[in-house]
Enquirer: 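Next up is a structure, given as structure tokens.
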There are 2 protein chains.
Amino acid sequence: MARPNRDPEHLAVLQDYYARHRLIPSYSTLSTLLGFRAKTAAARLVGRLEVAGYLKRTPDRRLAPTPRFFERPRAIAPVRAGMPEAAIDAPADMESLDALLVRRPSITFLMTIKGDSMIDVGLMPGDTVVCERRQLAEVGDIVVALLADELTVKTLIRENGRFALKPENKAGDYPVLRPDAMQIIAVVTGSFRSYRR
Amino acid sequence: MARPNRDPEHLAVLQDYYARHRLIPSYSTLSTLLGFRAKTAAARLVGRLEVAGYLKRTPDRRLAPTPRFFERPRAIAPVRAGMPEAAIDAPADMESLDALLVRRPSITFLMTIKGDSMIDVGLMPGDTVVCERRQLAEVGDIVVALLADELTVKTLIRENGRFALKPENKAGDYPVLRPDAMQIIAVVTGSFRSYRR
DNA sequence: TTGATTAGTGTACGTTCGTACACTAAAATG
DNA sequence: CATTTTAGTGTACGAACGTACACTAATCAA
């Protein structure tokens with residue numbers, strides 16, 4: 001039909017640029033980046049990438065990346081024989097983990113897990129939880145609550161029409177907490193740990 | 001001395017905007033966002049945020065966020081009586097998730113945990129592990145190994161002078177793997193999950 | 001080989017953006 | 001209360017940006 005489509009290759013360059021600068025460049029600099037001599041070429045490319053769902057426009061018509069822009073090959077098991085490289089394809093530029101875990105920076109804070117009361121849901125002592133500061137939580141949410149001047153991480157449950165805080169450790173035999181007064185400080189939206197020494 | 005400094009508050013709005021759009025807005029839209037009536041105010045604010053190290057300029061003089069822009073406060077428990085705000089808002093330290101979890105982006109990739117064979121060390125099905133690609137691992141490391149064309153996450157142990165792969169699930173009764181040939185693909189340096197619906 | 005199709009070129013133009021500059025407003029200090 | 005300092009206002013202007021449009025180049029299918 002027509003010319004060969006080099007868009008994937010060009011997208012890769014754009015993704016690298018974004019990884020370095022955290023910014024979609026102007027058509028001019030994108031043209032320079034890709035070796036185009038007319039910035040219209042960059043404009044057309046961007047149009048195609050928009051249609052393909054890699055870029056979108058903000059309310060004020062500026063260019064911004066979409067979630068798809070950040071999709072990276074994750075390692076996938078099973079792997080084809082003798083080809084672990086292909087399955088991994090280590091991306092030189094990784095999506096920012098911050099983007100994955102933090103949606104509203106202004107109300108987000110981190111907290112360290114103390115003790116093993118939430119071990120059944122994979123929250124080990126020393127793990128860091130990502131918390132969004134708000135009072136409204138839903139039943140089933142893991143929340144940060146203020147109890148006797150201590151910040152506690154527990155699952156919010158409902159018992160006989162009352163809210164209670166449930167530890168997640170069958171072996172540890174922790175009691176469900178049914179305080180008279182309880183203040184929800186934040187909702188846990190994620191967690192992480194580092195195995196680095 | 002002078003007017004109260006509302007920069008932290010304004011920075012928070014900018015950070016939220018960035019989290020939504022992955023883009024630093026123009027001075028005009030930033031002014032609208034913050035309720036400024038002159039875009040010069042936004043320009044001045046941005047200048048201050050540059051000096052403070054939250055923003056920088058790309059080679060073509062466009063505005064981009066710095067690593068510090070992505071730092072989050074870490075709450076400290078226990079809390080002083082009735083003062084949960086202070087523990088969060090006046091944090092001991094600020095940290096960026098990327099800096100914490102990814103030290104060498106070029107050899108780092110992500111992988112999703114399948115199954116519950118590592119549940120005792122807090123790796124639940126669906127969790128994402130951060131892996132650094134390298135062959136040299138130490139005993140006790142959690143590693144990604146290639147076994148029968150499958151990528152497996154296990155703990156590397158030494159048994160009678162031989163290396164072996166140990167699952168971490170006492171209840172599940174998984175066997176220790178003692179393959180004739182085993183290839184270490186990567187070392188797990190971190191893990192995370194999101195509780196978001 | 002020809003025709004259809006799509007990528008990139010070159011130029012022109014209106015709009016928006018960033019910056020400069022003089023000015024006003026609000027707080028803290030002495 | 002006066003002084004000092006810094007945040008925000010208002011206006012103006014050149015430069016950069018995005019877009020439009022006509023044109024050329026490269027590939028594939030018939």
Side-chain angles (χ1 to χ4, degrees), chain A residues 1-66 68-69 105-106, chain B residues 1-66 68-69 89-90:
Chain A
M1 289 245 267
R3 276 198 170 191
N5 191 313
R6 299 178 60 201
D7 287 0
E9 176 188 338
H10 292 152
L11 172 61
V13 174
L14 179 56
Q15 285 170 326
D16 283 355
Y17 183 93
Y18 188 92
R20 270 200 305 282
H21 300 295
R22 303 238 101 83
L23 166 77
I24 303 287
S26 69
Y27 290 158
S28 332
T29 53
L30 182 55
S31 292
T32 309
L33 215 58
L34 298 174
F36 292 160
R37 301 208 284 177
K39 61 180 175 178
T40 308
R44 298 268 175 78
L45 169 67
V46 163
R48 271 170 268 141
L49 293 178
E50 276 186 73
V51 172
Y54 290 102
L55 297 171
K56 68 174 183 346
R57 301 226 167 240
T58 58
D60 54 338
R61 308 235 349 107
R62 286 166 83 102
L63 267 181
T66 64
R68 167 169 296 180
F69 185 87
S106 63
Chain B
M1 290 249 264
R3 277 196 166 191
N5 190 314
R6 299 177 61 201
D7 286 359
E9 177 187 337
H10 292 151
L11 172 61
V13 175
L14 179 56
Q15 284 171 325
D16 282 357
Y17 183 93
Y18 187 92
R20 269 200 305 283
H21 299 294
R22 299 275 147 222
L23 166 77
I24 303 287
S26 70
Y27 290 158
S28 331
T29 53
L30 182 55
S31 292
T32 309
L33 216 58
L34 297 174
F36 292 159
R37 302 209 284 177
K39 61 180 176 176
T40 308
R44 297 271 174 78
L45 169 67
V46 162
R48 271 172 267 139
L49 293 178
E50 275 185 74
V51 171
Y54 290 102
L55 298 171
K56 68 173 182 350
R57 300 220 167 246
T58 59
D60 53 338
R61 306 235 350 108
R62 287 165 85 101
L63 268 179
T66 64
R68 167 169 295 179
F69 187 85
D89 291 341

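To find a chain, count down the sequence lines: A is the first, B the second, and so on, and within it residues start at 1. Quick note: numbers below take in every heavy atom, side chains included, and nothing from hydrogens, waters or symmetry partners.
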Enquirer: Does the side chain of A/Leu49 come within less than 4.5 Å of A/His10's, by heavy atoms?
Expert: no

Enquirer: Could you check which of D/dC21, C/dA7, D/dT9 has an atom nearest any side-chain atom of A/Arg48?
Expert: C/dA7

Enquirer: Using a cut-off of strictly less than 4.0 Å, decide whether A/Arg61 has a side-chain nitrogen or oxygen near OP1 or OP2 of C/dT16.
Expert: no

Enquirer: On DNA chain D, nearest-nucleotide positions of A/Tyr27 versus B/Ala38: which is more 5'?
Expert: B/Ala38

Enquirer: Starting at atom CG of B/Leu30, determine the distance to atom C1' of D/dA7, rounded to an integer number of angstrom.
Expert: 14 Å

Enquirer: At less than 3.5 Å, do the side-chain atoms of A/Ser26 and the base atoms of D/dA16 form a donor-acceptor pair?
Expert: no

Enquirer: B/Arg6 or A/Lys39: which one's nearest nucleotide on DNA chain D is closer to the 5' end?
Expert: B/Arg6

Enquirer: Check the pair B/Leu34, B/Tyr17 against side-chain contact (heavy atoms from CB on, under 4.5 Å), reporting the backbone distance first and the verdict last.
Expert: CA-CA 11 Å; B/Leu34 297 174; B/Tyr17 183 93; over 6 Å; no

Enquirer: Looking at D/dA16, does its base get a donor-acceptor pair with the side chain of A/Ser28 below 3.5 Å?
Expert: no

Enquirer: Side chain of A/Arg37, heavy atoms from C-beta onward: which of D/dG8, C/dT9, D/dT19 has the nearest atom to it?
Expert: C/dT9

Enquirer: Using C1' atoms of five pairs at each end, report the bend of the helix from C/dT1-D/dA30 to C/dG30-D/dC1 rounded to 10 degrees.
Expert: 40°

Enquirer: Report yes if some heavy atom in the side chain of B/Arg22 is under 4.5 Å from a heavy atom in the side chain of A/Ile24; otherwise report no.
Expert: no

Enquirer: Does A/Gly53 offer a backbone N or O that forms a donor-acceptor pair with the side chain of A/Thr66 under 3.5 Å?
Expert: yes

Enquirer: For A/Ile24 and D/dG18, give me the distance from atom CD1 to atom C1', rounded to whole Å.
Expert: 15 Å

Enquirer: Rounded to whole Å, how long is the line connecting atom CG of A/Asn5 with atom P of D/dA26?
Expert: 17 Å

Enquirer: Is it the case that atom CZ in A/Arg57 sees more than 12 heavy atoms from other parts of the structure closer than 6.0 Å?
Expert: yes

Enquirer: Assess whether side-chain contact (heavy atoms from CB on, under 4.5 Å) is satisfied between B/Arg44 and B/Phe36, documenting all intermediate values.
Expert: CA-CA 11 Å; B/Arg44 297 271 174 78; B/Phe36 292 159; over 6 Å; no

Enquirer: Between D/dT9, D/dA7, C/dG8, which one does the side chain of B/Ala41 approach most closely?
Expert: D/dT9

Enquirer: Is B/Pro65 close to B/Gln15 at the side-chain level, that is, under 4.5 Å between some pair of heavy atoms?
Expert: no

Enquirer: Just compare D/dG8, C/dT19, D/dT19 and give me whichever is closest to any side-chain atom of A/Ala43.
Expert: D/dT19

Enquirer: Of the candidate nucleotides C/dG18, D/dT9, D/dC21, which contains the atom at the shortest distance from the side chain of B/Phe36?
Expert: D/dT9

Enquirer: In this structure, how many angstroms lie between the C1' atom of C/dT6 and the CG atom of A/Leu45, rounded?
Expert: 13 Å

Enquirer: Using whole Å, report how far CG of A/Leu34 lies from P of C/dT9.
Expert: 10 Å

Enquirer: Which listed nucleotide (D/dA7, D/dT19, C/dC17) is nearest to the side chain of A/Arg62?
Expert: C/dC17

Enquirer: If you define the side chain from C-beta out and look only at heavy atoms, does anything of B/Phe69 sit under 4.5 Å from B/Leu14?
Expert: yes

Enquirer: Between D/dG10, C/dT19, D/dT19, which one does the side chain of B/Arg57 approach most closely?
Expert: C/dT19

Enquirer: Counting only side-chain heavy atoms from C-beta out, which of C/dT11, D/dG18, D/dA22 sits nearest to A/Arg44?
Expert: D/dA22

